[in-house]
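Worksheet: the structure to be examined is printed underneath.
Atoms within a ligand are numbered from 1 in the order they appear, just like the ligands themselves.
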Amino acid sequence: MPHLNVHDYLRSHIRTVPDWPAPGVQFRDITPLLQDPRVFRVLIDAFVHRYMAPELRPDVVAGLDARGFIIGAVVAYELGIGFVPIRKKGKLPFTTVQETYELEYGSATVELHTDAVQPDQRVLLIDDLVATGGTMIAGWHLLRKLGAQVVEGAAIVDLPELGGSQRLRELGLPLHTLVAFDGH
Ligand SMILES: O=P(O)(O)OC[C@H]1O[C@H](OP(=O)(O)OP(=O)(O)O)[C@H](O)[C@@H]1O
Ligand SMILES: Nc1ncnc2[nH]cnc12
């Protein structure tokens, strides 16, 4: 990782695709981070180091569909704890709790198995990116419906101009991100 701190190193491996999937959107593509094994390791180690600390150490990691699965499962494995998926509606086979939230246009529903976490378990909630915060907040509500204690939300990327990180702070969910991008 020559001459760069972790933030700049990771940032330099996130690709910006203009006008995708819609005009005016700057899509922050994390696939180059995953593709290079050295960068992937730096990324995972950044999260693992933080959540090995006793005051933040979770009992379980919950990952948000779909890119949160990629990061969350590896972090859980490295921490030696379990992983549970929060999925988009209609994918989980057992009984679920559900949460519907607003998107820029329309709404979305996410689900979690009712036995995915136990009351008072300490859960780390992971996704790749926070934009409006709607997805992360929906995941937080699902975990709280089951009585879990969410230690923190974590994501690789924060898009502060879309207001999500501020919304989370105002609601009282601590958020840890590694890279911030101005502009959508
Ligand atoms: O903060 P928000 O405004 O809720 O946006 C962030 C969410 O949007 C993206 O997922 P997307 O819905 O595109 O799904 P995908 O992971 O299946 O591609 C991203 O991976 C986050 O989950
Ligand atoms: N600009 C963006 N880039 C990547 N994923 C996103 N999810 C919501 N907004 C996004």
With backbone taken as N, CA, C and O and side chain as the heavy atoms from C-beta onward, which portion of Asp128 lies under 4.0 Å from ligand 2: side chain, backbone, both, or neither? neither
Among all protein heavy atoms, pick out the one at the shortest distance from [atom]; state its residue, atom name and that distance to 0.1 Å.
{"atom": "atom 10 (O) of ligand 1", "result": "Arg67 NH2, 3.6 Å"}
{"atom": "atom 3 (O) of ligand 1", "result": "Thr132 OG1, 2.5 Å"}
{"atom": "atom 5 (O) of ligand 1", "result": "Ala131 CB, 3.7 Å"}
{"atom": "atom 6 (C) of ligand 1", "result": "Leu129 O, 3.5 Å"}

Tell me, yes or no, whether the heavy-atom count around Arg41 atom CZ, taken from other residues, nucleotides or ligands under 6.0 Å, exceeds 12. no
Other residues, nucleotides, ligands: >12 heavy atoms within 6.0 Å of Glu170 CD: yes
Whether [X] side chain and [Y] backbone form a donor-acceptor pair below 3.5 Å:
{"X": "Arg169", "Y": "Leu175", "value": "no"}
{"X": "Glu111", "Y": "Gly90", "value": "yes"}
{"X": "Asp19", "Y": "Gly24", "value": "yes"}

Which of the numbered atoms in ligand 1 are under 4.0 angstrom from any heavy atom belonging to [X]?
{"X": "Ala66", "value": "15 (P), 16 (O), 17 (O)"}
{"X": "Asp65", "value": "16 (O)"}
{"X": "Gly133", "value": "1 (O), 2 (P), 3 (O)"}

Measure from atom 9 (N) of ligand 2 to every heavy atom in Ala131, Gly164, Gly134 and give the option owning the shortest one. Ala131
Heavy atoms only: which of Leu103, Asp128, Ile156, Asp127 lies closest to atom 22 (O) of ligand 1? Asp127
Min side-chain heavy-atom separation [X]-[Y] under 4.5 Å:
{"X": "Phe47", "Y": "Leu124", "value": "no"}
{"X": "Gln121", "Y": "Pro58", "value": "no"}
{"X": "Val61", "Y": "Tyr51", "value": "no"}

Side chain, backbone, both or neither: which part of Thr135 comes within less than 4.0 Å of ligand 1 when only heavy atoms are counted? both
Heavy-atom distances under 4.0 Å are what count here, so tell me which part of Lys88 touches ligand 1: side chain, backbone, both or neither. side chain
